[in-house]
Amino acid sequence: MRVIVTGGAGFIGSWVCEAYISEGHEVLVVDNLSTGSEGNLPPEAEFIECDVRDSAGLEKAFRQFHPQIVNHHAAQINVRDSVEDPSLDAEININGSLNVLRLCAEYKTEKFIFSSTGGALYGEPEKLPAGESTPTLPLSPYGISKLSTENYIRYHSKNHGFGHVILRYANVYGERQNPEGEAGVIGIFCEKIISGKPCLIFGDGEQTRDYVHVSDVSRANLLAATLKEEGTFNIGTSIEISVNDIVRILEEVTKTEFTTINKKERPGEVRRISLDCSLAVEKFGWSAQVTLHEGLFRTWNWFSAKAG
Ligand code: NAD
């Protein structure tokens with residue numbers, strides 16, 4: 001199949017490209033390189049440098065490649081930046097996505113796969129882990145723009161006859177991760193430990209997240225390409241992990257002594273979240289395989305190698 005991966009030069013997108021290429025699919029990456037880099041691209045992938053807000057540039061990519069699948073990972077990913085500039089977040093995450101959706105309709109794409117968020121969509125759920133039917137109460141413009149895009153995808157899919165799979169990721173971490181992303185704490189701590197600086201913990205460190213390794217996420221994208229059904233699926237581990245847990249595991253994995261400093265809690269951050277992923281298990285046999293210990297080991301080795 002011919003697959004366009006927007007944001008394919010980024011952390012998760014580049015893993016997704018590798019997964020598709022390893023299964024014999026042809027991949028064209030569309031990315032403006034704002035946070036991604038050409039160095040992340042697998043050599044077999046074609047590449048067009050283009051912003052998803054640039055309709056004409058995007059159309060050129062569709063005209064040239066005629067994708068059967070569009071996998072949309074390009075986004076403004078920083079939750080705090082979305083709070084500072086909700087309009088810019090909406091321009092990229094909503095209007096940019098609408099450009100891609102319009103072209104999917106025009107060029108008769110068969111399927112649209114979207115990287116949504118489970119971590120920033122459900123607010124503070126009463127019951128954890130949160131299933132897909134948990135009320136969506138995003139606490140940030142980033143969560144709002146992802147939720148709006150989900151709704152536009154369902155609308156376009158229904159009215160223009162292409163299939164869709166929406167993957168609501170937990171906090172994705174791993175090799176090549178972007179410290180600005182939702183699982184930024186892991187990348188930031190690795191970099192601090194390497195440079196001998198203290199790791200900052202905002203609040204008491206007992207706030208929890210659900211951390212899923214990027215190799216499990218790329219496998220979910222591969223399965224989504226052949227899934228017969230449409231739907232919206234949480235992609236995580238269902239396990240709540242606190243920042244203090246991350247510190248403890250990093251101490252074991254890095255075998256390095258490092259200090260932590262507790263700072264004032266940051267407003268607007270979710271206290272506890274984990275995702276119920278039983279629907280993905282049931283509908284396409286996906287579940288996370290990489291344990292946090294193993295994933296942190298791989299991630300730490302990657303950051304260490306990068307630092308030389
Ligand atoms: P990333 O910053 O590494 O990847 C984003 C990519 O999109 C980059 O290559 C960037 O250059 C590109 N991009 C940004 N704006 C663009 C634009 N206007 N036009 C074209 N390309 C543009 O981040 P990531 O962590 O790999 O995130 C990928 C996707 O997964 C995003 O949609 C993000 O919202 C979603 N997601 C990530 C996480 C996480 O924990 N990392 C969790 C939930 C959802």
Side-chain angles (χ1 to χ4, degrees), residues 5 7 10-20 71-73 75 77 79 113-122 125 128-132 134 142-143 146 150 165-190 207-225 227 231-243 245-250 253 269-270 272-303:
V5 181
F11 162 48
I12 304 171
S14 63
W15 278 79
V16 170
C17 291
E18 280 172 3
Y20 285 141
N71 184 304
H72 186 38
H73 271 78
I77 64 154
V79 175
I113 301 172
F114 180 55
S115 55
S116 188
T117 170
L121 216 62
Y122 299 120
L128 289 176
E132 290 84 352
T134 300
Y142 168 80
K146 286 284 175 182
E150 284 196 3
V165 177
I166 293 168
L167 301 173
R168 288 180 175 167
Y169 302 155
N171 290 56
V172 189
Y173 72 98
E175 302 89 296
R176 299 202 285 268
Q177 92 167 78
N178 181 338
E180 302 294 323
E182 290 175 57
V185 67
I186 291 175
I188 293 166
F189 281 7
C190 286
Q207 62 271 42
T208 63
R209 300 287 180 271
D210 180 338
Y211 293 94
V212 61
H213 189 260
V214 65
S215 61
D216 282 321
V217 172
S218 62
R219 191 164 41 83
N221 279 274
L222 199 52
L223 293 168
L227 185 66
T232 301
F233 305 95
N234 285 341
I235 296 296
T237 66
S238 310
I239 303 168
E240 275 186 79
I241 298 290
S242 70
V243 177
D245 291 330
I246 297 282
V247 168
R248 275 191 290 275
I249 303 174
L250 277 176
V253 162
E269 289 200 348
V270 175
R272 291 176 58 206
I273 188 72
S274 65
L275 306 181
D276 179 348
C277 302
S278 44
L279 195 63
V281 178
E282 183 194 324
K283 298 290 183 189
F284 58 105
W286 178 90
S287 64
Q289 304 292 313
V290 180
T291 63
L292 185 59
H293 199 281
E294 169 65 22
L296 284 181
F297 181 71
R298 292 191 206 172
T299 308
W300 167 251
N301 283 342
W302 183 81
F303 273 97

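Only heavy atoms go into these numbers, but all of them, side chains included; no hydrogens, no water, no symmetry mates. One is the number of the first residue; the rest follow in order along the sequence.
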Is it the case that the side chain of [X] and the backbone of [Y] share a donor-acceptor pair, with hydrogens and angles ignored and the cut-off at 3.5 Å?
{"X": "N178", "Y": "F11", "result": "no"}
{"X": "R272", "Y": "L128", "result": "no"}
{"X": "T134", "Y": "A130", "result": "no"}
{"X": "Y20", "Y": "N221", "result": "yes"}

Looking at side-chain heavy atoms only, is the closest gap between [X] and [Y] below 4.5 Å?
{"X": "Y211", "Y": "V172", "value": "no"}
{"X": "Y169", "Y": "I12", "value": "yes"}
{"X": "L292", "Y": "I246", "value": "yes"}
{"X": "C277", "Y": "S238", "value": "yes"}
{"X": "F303", "Y": "I186", "value": "no"}
{"X": "H293", "Y": "V253", "value": "yes"}
{"X": "L296", "Y": "Y173", "value": "yes"}
{"X": "F233", "Y": "I166", "value": "no"}

| field | Listed partners of E132 passing salt bridge (charged side-chain N to carboxylate O under 4.0 Å, His left out), at least two apart | value |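 Partners of E132 under the salt bridge (charged side-chain N to carboxylate O under 4.0 Å, His left out) test: none.
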Looking at every non-hydrogen atom in both residues, tell me the closest pair between [X] and [Y] and how far apart they are.
{"X": "S116", "Y": "L121", "result": "OG-CD2, 4.3 Å"}
{"X": "A224", "Y": "L167", "result": "CB-CD1, 4.4 Å"}
{"X": "G10", "Y": "S14", "result": "O-OG, 2.8 Å"}

Item checked: Sequence neighbours excluded, every pair satisfying salt bridge (charged side-chain N to carboxylate O under 4.0 Å, His left out) that has a member inside residues 287-298 ->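 Qualifying pairs, neighbours excluded: E294-R298.
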### Query
Does R168 pair with E150 as a salt bridge, N-O distance under 4.0 Å?
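Yes, R168 and E150 are salt-bridged.
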Go through the side-chain N and O atoms of [X] and [Y] and say whether any donor and acceptor fall under 3.5 Å apart.
{"X": "Y122", "Y": "N234", "answer": "yes"}
{"X": "S215", "Y": "H213", "answer": "yes"}
{"X": "E240", "Y": "T208", "answer": "yes"}

Legend entry - All ring-ring contact (aromatic ring centres under 6.0 Å, His included) counterparts of F114, not counting sequence neighbours: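 Residues passing ring-ring contact (aromatic ring centres under 6.0 Å, His included) with F114: H72.
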The criterion is ring-ring contact (aromatic ring centres under 6.0 Å, His included); which residues satisfy it with F189, sequence neighbours excluded?
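ring-ring contact (aromatic ring centres under 6.0 Å, His included) list for F189, sorted by chain: empty.
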Practice problem: Can you measure from OG (S218) to CD1 (I235) and round to the nearest 0.5 angstrom? | Solution: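 That separation rounds to 11.0 Å.
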How long is the straight-line distance from SG of C190 back to CG of N301, given to the nearest 0.5 Å?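 Separation between the atoms: 9.5 Å.
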Please tabulate, for side-chain N and O atoms in residues 278-286, each donor-acceptor pair with protein atoms closer than 3.5 Å (sequence neighbours left out).
residue, atom, partner, partner atom, Å
S278, OG, D276, OD1, 2.7
W286, NE1, D216, O, 2.9

| request: Report the residues that fulfil side-chain contact (heavy atoms from CB on, under 4.5 Å) with I239, sequence neighbours left out, ordered by chain and then residue number. | output: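 Once residues adjacent in sequence are excluded, the partners of I239 under the side-chain contact (heavy atoms from CB on, under 4.5 Å) criterion are T237, I241.
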